[in-house]
Amino acid sequence: MSRTPEKSRVILVTGAAGGIGAAIAELAIARGHRVLLTDVDEDAVLTRARALGERAAAHALDIRSPEEWSRAFDAAQERFGAVDVLVNNAGITHTGNARDLRPQQHRDIVEINLLGTVTGVCTALGRMTAQGHGHIINVCSMTSFLPLPGYATYGGTKHGLRAFHHSVAIEERDGPVDFTIVHPPSTRTGMLAQEMADPTSAIAFAEKSYAPEQIAEAVVDAVTSRPVEVVFPPIAGRVQRIAGVFPGLMRRVIPVVEARGRRQRARLLSAPGIPSSGN
Ligand SMILES: NC(=O)c1ccc[n+]([C@@H]2O[C@H](COP(=O)([O-])OP(=O)(O)OC[C@H]3O[C@@H](n4cnc5c(N)ncnc54)[C@H](O)[C@@H]3O)[C@@H](O)[C@H]2O)c1
């Protein structure tokens, strides 16, 4: 089915060297947008952008640095014009139960997933308010609704990001900037491969995982439709969003879900040709 051509927008994507960010950049370009791909891994993001042609450019951006955020917005402006859409996608995890992570690992997760994204939102807000339009899309996680074993600090940053996101969106309700938050479930990227390597992350394999292209489709669709919040899977995700509010219920349900995740992980590990990805 042919799509109605979309208005070409300038989109800045973080964490675009691989995984979900790279899939977002690729699909956005295929739909006629212009994309500044950014990542802390400069060589990888340059290589990725080169493969995407004229409507792609790359810039090094460690989202922890306010100065690098300003330079990335300047680079986008210089190459394509003002940034219409920021896709805050970069994020990390360190697998393991909270008591086993080093203090620096806890800090890295918070500094990147939460504070790095907050810095990006604030940088974008200043510029987009001044230019009179803009759209901020934060890529969060279904763990923002659920207390999950093996995801204490990671889930903590995603709970925090969701609260921050919606609070700012309400603060800015009379301004010119739109806000969308997208919550991927387990997605077959380097992050899921990292989780496959650690049995404490078994719960990530309890449900069917998604391809990064499926998450990218929701994000790039959101550039036009500007939804408030997107959960995965569309129906079960809504149930999970409510279940997470009840920790007593979660304590009863999680052992069952975790056991299913362990079985699925073992099955995937023993399947020929799928050494490190979800189902
Ligand atoms: N893969 C999943 O199962 C899953 C599930 C839910 C949410 N998410 C979220 O989706 C987003 C993308 O994850 P992914 O699975 O594509 O991960 P990924 O590890 O495949 O890619 C993450 C990218 O972010 C970059 N990055 C890391 N630290 C950075 C920093 N300080 N500044 C800029 N870039 C940095 C990495 O170099 C990498 O290119 C993350 O926010 C993640 O939390 C992923």
Side-chain angles (χ1 to χ4, degrees), residues 12-26 36-49 58-69 71-72 86-95 105 107-120 123 137-146 148 150-151 153-162 165 181-198 201-216 218-219 230-233 237 240 261 276-279:
L12 191 160
V13 184
T14 68
I20 294 170
I24 293 168
E26 190 172 342
L36 185 72
L37 294 87
T38 69
D39 203 284
V40 70
D41 186 340
E42 186 171 11
D43 291 344
V45 82
L46 276 170
T47 307
R48 183 72 66 177
H59 197 83
L61 167 58
D62 181 334
I63 63 166
R64 289 169 290 193
S65 161
E67 295 74 27
E68 290 188 25
W69 268 108
R71 286 199 288 269
L86 166 65
V87 180
N88 252 325
N89 162 79
I92 65 157
T93 194
H94 288 295
T95 62
Q105 291 179 305
R107 269 202 294 276
D108 288 346
I109 299 171
V110 174
E111 282 172 7
I112 294 172
N113 295 3
L114 185 56
L115 297 177
T117 308
V118 165
T119 306
T123 307
I137 303 177
N138 283 319
V139 177
C140 193
S141 167
M142 288 306 292
T143 62
S144 68
F145 303 111
L146 301 164
L148 297 181
Y151 292 84
T153 300
Y154 177 86
T157 62
K158 297 297 186 176
H159 275 69
L161 174 56
R162 181 171 185 266
H165 174 97
I181 190 161
V182 177
H183 300 286
S186 293
T187 307
R188 295 184 294 273
T189 66
M191 189 176 281
L192 197 66
Q194 195 183 342
E195 290 161 354
M196 176 62 94
D198 187 340
S201 302
I203 204 157
F205 302 92
E207 306 290 341
K208 193 173 166 296
S209 63
Y210 277 63
E213 292 74 19
Q214 292 175 282
I215 311 304
V219 171
V230 180
V231 297
F232 288 89
Q240 289 175 21
S276 62
S277 68
N279 51 341

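Remember, it's 1-based here, ligands and their atoms both numbered in the order they're listed.
When atom types are taken as modelled, the side chain of H165 and the backbone of L161 share no donor-acceptor pair closer than 3.5 angstrom. In this structure a side-chain-to-backbone donor-acceptor pair under 3.5 Å is missing from E195 to S201. With hydrogens and angles disregarded, a donor-acceptor distance shorter than 3.5 Å links the side chain of H159 to the backbone of T143.
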Review item, side-chain donor-acceptor pairs of residues 13-20, under 3.5 Å, at least two apart:
from: T14; atom 1: OG1; to: N89; atom 2: N; distance (Å): 2.8
from: T14; atom 1: OG1; to: A90; atom 2: N; distance (Å): 2.8

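T95 approaches Q194 most closely through the heavy-atom pair CG2-O, 3.9 Å. Shortest non-hydrogen contact noted between S209 and L192 is CB-CD2, 4.1 Å.
Within 4.0 Å of ligand 1, contacts by protein heavy atoms are made from G15, A17, G18, G19, I20, D39, V40, L61, D62, I63, R64, N89, A90, G91, I92, I112, V139, C140, S141, Y154, K158, P184, P185, S186, T187, T189, G190, M191.
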